[in-house]
Amino acid sequence: MLNPSIDSLMKKIDSKYSLVSIAAKRARNLQDTGEYRLNRYDSHKFVGKALEEIQAGQLSMKERDAKAVYSDE
């Protein structure tokens, strides 16, 4: 069983695409920097740790300005 569950994660971020994108970016960041936001993680993998941070409310999705130009586009 996935912990945290997909149902509980979908309450935090309403789109599966956004959930995957945020978790992947945070997992890469964790791997590169090693800067953790939680004191304890159940998962040993970076993606699992990112999902746990989303569940704990440490990561969220920002609304983007439709008129702005972003460097990652």
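Put simply, CD on Glu52 and CZ on Arg26 are 12.0 Å apart, with the number rounded to the nearest 0.5 Å.
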Review item, side-chain donor-acceptor pairs of residues 10-24, under 3.5 Å, at least two apart:
unit_1	atom_1	unit_2	atom_2	d
Ser15	OG	Tyr17	N	3.3
Ser15	OG	Ser18	N	3.3

For residues 41-49, run the donor-acceptor check on the side chains, cut-off 3.5 Å, and write out each pair with its distance to 0.1 Å, sequence neighbours left out.
unit_1	atom_1	unit_2	atom_2	d
Tyr41	OH	Arg37	N	3.2
Tyr41	OH	Leu38	N	3.1
Tyr41	OH	Glu53	OE2	2.5
Asp42	OD1	Arg40	NH1	2.9
Asp42	OD1	Arg40	NH2	3.0
Ser43	OG	Lys45	N	3.2
Ser43	OG	Lys45	O	3.3

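A continuous path of ILVMFWY side-chain contacts below 4.5 Å connects Leu51 to Leu59, so both sit in one hydrophobic cluster.
Taking both residues in full, the closest heavy atoms of Ala50 and Ala27 are given as CB-N, 4.1 Å, listed atom of the first, atom of the second, then distance.
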